Amino acid sequence: MKKTMNIQPFPMESEPCCCSAAAHTPDSYERPGYALCSFVENFESTAVGMIPHVKTYLERSDHIGTILTRADIGRSRYKISAGLYCVGKPDSQSPVLVTANYKLTFDMLRKELQEISAWILVLDTRGINVWCAAGKGTFSSEEVCRQVKSSGIATLVSHRELILPQLSATGVSAIKVKKDCGFKVIWGPVYTKDIRRFLDAGMTAEPLMRQVTFSLAERLVLIPVEIVLLRKYLGWLVPAIFILSGISPNIFSISMAWSKGLIALVALLAGILAGAVMTPALLPWIPGLAFSVKGTLTGLFFGIWVMAESWRNVGGVGALALLVFTTAISSYLAMNFTGSTPFTSPSGVEKEMRKAMPFQAGVVIFALILWIISGFVR
Amino acid sequence: MKDFRYLPDVSTLKLDEMACIGCGICEMLCPHAVFEIRDRKARIVDADGCMECGACANNCPSSAISVTPGVGCATYIIQSWIKGKENASCGCDCC
């Protein structure tokens with residue numbers, strides 16, 4: 001390849017390698033110090049400046065981001081800049097859809113907007129989804145009005161309506177928004193998958209679009225985060241298990257710490273499997289209303305297996321200790337899952353915890369005592 | 001969601017039927033169909049379905065609804081016991 005003698009910033013070769021073709025490749029929008037978001041197709045020139053025009057389909061990088069986020073990798077940083085975006089060919093009549101700046105939320109919305117022309121007003125919810133942000137107060141009336149004013153949307157549309165996701169009603173008061181920025185709030189459906197039908201039906205939602213669901217698939221995607229969040233417990237729980245397992249007639253036995261410790265570790269994993277995997281997955285089919293009760297049942301199921309398998313190695317007392325331990329872990333973790341469901345009330349969770357936690361703590365201490373005794377009675 | 005039930009008789013949801021103007025906002029916003037408009041007044045038809053999210057009370061034009069809203073999350077509640085309600089968080093960046 002010969003270099004031509006010119007002072008152009010880019011080589012002007014004839015190969016279709018780059019640059020030469022168009023002013024409308026995404027690259028041409030890049031600016032020093034900025035990176036172009038991969039979900040931006042191009043920019044719409046408007047009365048209030050350049051508005052990013054976003055893709056209505058997801059690409060590999062979006063899917064990879066979703067998977068990592070679901071595994072709690074970079075979840076708290078998975079956000080986009082708040083402000084105004086658009087899809088299709090929006091004009092002064094186009095609807096304004098308001099959403100959160102959690103990238104997962106934004107992706108779910110934009111992929112439903114194929115062939116729809118709309119403005120998308122993204123709020124700064126600190127990268128948190130609509131419902132949780134509304135509960136926390138970042139998806140609020142004040143934030144809606146702040147973004148309405150700073151985006152200049154009022155000069156782009158002739159109407160005065162905003163479509164908000166229904167679940168943001170926990171944080172947003174339509175009356176306040178109307179009073180503070182003059183826009184009328186239209187409550188959209190709960191799920192982005194219904195947004196097209198909602199718009200087609202003249203911005204009305206069928207009753208079913210207004211209800212939350214908690215299907216098997218919706219529960220399963222939550223499980224990885226439940227497990228990854230356990231690392232804060234495992235850091236001290238695992239060493240503690242090995243140390244307790246080593247207590248013996250000779251004060252401490254390293255070989256026993258190892259052999260009994262590994263078996264106790266299996267019991268811990270069984271408890272995690274029962275409480276943080278089986279309970280969420282089988283939630284509606286496990287008897288009981290309180291989650292700690294559901295977790296106790298799945299815990300017993302796995303605990304009996306642990307007991308049967310370990311009896312030969314740790315004796316009856318030890319095996320009983322493991323049954324009790326597995327059950328307690330499962331019960332506690334199942335109770336923790338309340339925070340991930342869309343139907344448990346805080347009053348209910350508090351009531352359950354006040355009853356269940358002393359019991360769970362007592363049971364763990366009982367398991368602990370049995371486990372130590374088992375080191376002496378073999 | 002009728003197939004998912006949680007503890008009964010715990011919700012702090014209260015409706016003042018005298019103050020209610022029957023606008024139907026609560027019926028529309030409740031994600032669990034707790035309300036129904038009958039005879040131009042809202043009625044609580046499924047109090048045990050309430051998860052205390054507060055959407056209804058937050059948007060009731062006549063302040064006829066009261067509920068102590070909050071997050072039904074065990075980690076959050078443990079933290080609120082230890083650190084107080086203002087400093088509590090789920091520790092999961094989620095809610």
Side-chain angles (χ1 to χ4, degrees), chain A residues 72 75-77 126-129 131-136 141 166-176 185 187 190 205 207 210-214 225-226 229 232 283-285 289-292 332 335-354 356-357, chain B residues 1-13 23-36 46-63 67-81 85-86 88-95:
Chain A
D72 198 32
R75 188 161 59 103
S76 60
R77 298 184 303 275
R126 320 280 192 273
I128 289 169
N129 70 66
W131 209 2
C132 288
K136 262 187 172 173
S141 314
Q166 184 189 325
L167 295 183
S168 69
T170 292
V172 176
S173 154
I175 302 160
K176 233 187 232 165
V185 170
W187 297 108
V190 167
R210 301 229 167 265
Q211 302 291 301
V212 290
T213 57
F214 203 36
V225 169
E226 290 293 313
L229 285 176
K232 62 181 177 217
L283 196 66
W285 304 296
L289 290 173
F291 281 48
S292 49
Y332 180 77
M335 197 178 73
N336 257 324
F337 189 64
T338 52
S340 303
T341 74
F343 68 99
T344 54
S345 61
S347 298
V349 177
E350 187 154 354
K351 181 181 177 187
E352 163 165 7
M353 289 170 68
R354 283 189 193 282
M357 285 181 72
Chain B
M1 286 299 286
K2 300 285 177 209
D3 38 344
F4 289 95
R5 303 310 293 187
Y6 195 47
L7 308 190
D9 307 322
V10 290
S11 173
T12 52
L13 180 69
C23 70
I25 293 274
C26 53
E27 184 187 36
M28 179 176 90
L29 286 180
C30 177
H32 290 291
V34 166
F35 299 93
E36 237 177 67
D46 184 16
D48 291 340
C50 174
M51 60 172 291
E52 300 175 312
C53 71
C56 54
N58 196 28
N59 281 280
C60 176
S62 58
S63 306
V67 62
T68 311
V71 196
C73 168
T75 314
Y76 177 87
I77 290 170
I78 292 176
Q79 286 208 13
S80 73
W81 286 347
K85 278 230 151 62
E86 296 74 34
S89 84
C90 295
C92 55
D93 308 313
C94 64
C95 45

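Since we're looking at a predicted model, the values are computed, not measured.
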inquiry  = Any heavy-atom pair between the side chains of A/V212 and B/M51 that's under 4.5 Å?
reply    = no
request  = Return the minimal non-hydrogen interatomic distance between A/L289 and B/P8, and the atom names on each side.
outcome  = CD1-CD, 3.8 Å
message = Shorter than 4.5 Å, heavy atoms on both sides: which option in A/T344, A/L167, A/T338 has the most such pairs with chain B?
response = A/T344
key: chain B contacts, top residue of A/P207, A/G135, A/S345 (heavy-atom pairs, under 4.5 Å)   = A/S345
request  = Sort B/C53 into side chain, backbone, both or neither according to what part of it lies under 4.5 angstrom from a heavy atom of chain A.
outcome  = both
task = Quick one: closest heavy-atom pair of A/W131 and B/P31, and the distance?
result = CZ2-CG, 4.1 Å
Pairwise distance CG(B/D9) to OG(A/S347) - rounded to 0.5 angstrom = 12.0 Å
key: Option that, when pairs with chain B are counted at under 4.5 Å, heavy atom only, ranks first among A/K351, A/M353, A/R126   = A/M353
ask   = Rounded to the nearest 0.5 Å, what separation is found between the CD1 atom of B/I77 and the CD atom of A/E352?
value = 9.5 Å
key: Closest non-hydrogen atom pair, B/M28 against A/Q166   = O-NE2, 3.4 Å
ask   = Which bit of A/F337 is near chain B, if near means a heavy-atom gap under 4.5 Å: side chain, backbone, both or neither?
value = neither
query = Where do A/R354 and B/W81 land on the side-chain contact (heavy atoms from CB on, under 4.5 Å) test, with the steps shown first?
reply = CA-CA 11 Å; A/R354 283 189 193 282; B/W81 286 347; 3.5 Å; yes
note = Closest non-hydrogen atoms of B/G70 and A/P346, given as atom of the first, atom of the second and distance, are C-CG, 3.5 Å
query = Side chain, backbone, both or neither: which part of B/C30 has an atom under 4.5 Å from a heavy atom of chain A?
reply = backbone
key: A/V185, part contacting chain B, at a heavy-atom distance under 4.5 Å   = neither
message = Using 30° and 60° as the class boundaries, would you call the ring planes of B/Y6 and A/F343 parallel, tilted or perpendicular?
response = perpendicular
ask   = What residue in B/I25, B/N59, B/T68, B/V10 has the most heavy-atom pairs under 4.5 Å with chain A?
value = B/N59
note = On a heavy-atom basis, the closest approach of B/N58 and A/S173 is O-CB, 3.5 Å
